[in-house]
Amino acid sequence: MKFKPANNIQDLQYFGEFGGVNPSISDSSTYTFLSAKTMFDTFEGNADGCYLYSRHSSPSNLYLGEALAAMEGTETATVTASGMGAITPVLLQLCGTGDHIVSSRTIYGGTYAFLKNFTPRLGIITDFVDITKLDVIEAAITPKTKVLYCESVSNPLLEVADIKGLAQLAKKYKLKLIVDNTFSPLSISPIKLGADIVVHSLTKFINGSSDTVGGVVCGTQEFIDSLRNVNDGAAMLLGSTMDSLRSASVLKNLRTLHIRMQQHSANATYLAEKFEKDGIKTVYPGLESHPSHQLFKSMMNDKYGFGGMMTIDVGSIDKANALMELMQERNLGYLAVSLGFYKTLFSAPGSSTSSEIPENEQVEMGLSDGLIRFSIGLDADIERTYSIMKACMIELGILSSELV
Ligand code: PLP
């Protein structure tokens, strides 16, 4: 049977304590026990259904976590205060001094900086590889490797990971395959393709309203329990917990994710096809010209398309900056980092979200100066958006006026 992630979310029935159609919010940091013995058992991790302290778990966080686990097809999930607050404890839970990670070289700049600059302090070393080349990845695996790390669709170059192929390698060498699925919620279900753990920045499409940061780790009950263990759980001890009021609001937004993803994808497809036809260097996994178009197609769930992320290359940082400023002036979107908002967001990753990556490495991975990353919004009239964008490009000499 086909995996239908949006149905899985919608099929969950949560009621508030007075019959509300939304679950009640647990506005408490700590919880009472009727007996001291139950409190002790809860500390030991043996009191199912009891809450101890909200850094460990709370009813509101569990509701959101269970909905996200249903979306990703995992046994359970734990929500965190940010995407980095999900990624960092997962890596630290799985790796210690002397361990090795093989990671995609095109990943979010913060994750890259964590692996490149921070974890070596703890004796954890990472090799960064071209994630589209399984032979290169296999060659990078050593007896010390514990984790394969990638993004299903990478930030910012939109490279697509062959999750099935990576999962086979992970199995062969007894590694954990961690996939950051932030760019492709609902479209790609990494667990169904063999991944062990899925992480998201909820800050982006899943919450969709650019009003908070948030994250989630989806995995087995055993792994999520280990993250929350009071004695040695990285999520519990590093303390990147989401607040209950916020998790209640993210849960409400999650319920419209399927509609939003369809619109983000339809709008991005329209613009990518138009820009490519106009002769602009355009990267979008939905274009036949994308090197991993067929791979994405082979992995995707029905309906949600190729996502809302697209890049164009306008040749230089000066042109990129001028275009972004003009597009903002014409109210086409905002010159801002992040993604998944109703309004289009654009930034030049080389000088913003990927600036943690040294310049020579940016060149090597194809992250050029004139690259603009777009998170395409929910525009009701994408034809109008396109014609105004095109006029901006003609005004700046990026497109020839003969195209008018
Ligand atoms: N993963 C990806 C793919 C991202 O783009 C980001 C942020 O831009 C993160 C993780 C980090 O998430 P957060 O900013 O919520 O900590």
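The basis for the numbers below is simple: all heavy atoms, side chains too, and nothing from hydrogens, waters or symmetry mates. Note that ligands are numbered from 1 as they come in the structure, with each ligand's atoms numbered from 1 the same way.
S24 places no side-chain N or O within 3.5 Å of a backbone atom of G16 that could act as its donor or acceptor partner. Not a single donor-acceptor pair under 3.5 Å links the side chain of R55 to the backbone N or O of T241. Between the side chain of S210 and the backbone N or O of F341 there is no donor-acceptor pair closer than 3.5 Å. For the pair Y14 (side chain) and Y63 (backbone), a donor-acceptor distance under 3.5 Å is present.
Minimum interatomic distance between V102 and I137 (heavy atoms only, all atoms of both residues): CG1-CG2, 4.1 Å.
Looking at residues two or more places apart in sequence or on another chain, you find a side-chain contact (heavy atoms from CB on, under 4.5 Å) between I388 and R330, L332, R384.
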Tabulation required: pairs of a nitrogen or oxygen in ligand 1 and a protein nitrogen or oxygen under 3.5 Å; columns are atom names and distance to 0.1 Å; otherwise 'none'.
from     : atom 1 : to   : atom 2 : distance (Å)
ligand 1 : 1 (N)  : D180 : OD2    : 2.6
ligand 1 : 5 (O)  : N155 : ND2    : 2.9
ligand 1 : 8 (O)  : K204 : NZ     : 2.8
ligand 1 : 12 (O) : S201 : OG     : 3.1
ligand 1 : 15 (O) : G83  : N      : 2.8
ligand 1 : 15 (O) : S201 : OG     : 2.8
ligand 1 : 15 (O) : T203 : OG1    : 2.6
ligand 1 : 16 (O) : G83  : N      : 3.0
ligand 1 : 16 (O) : M84  : N      : 2.8

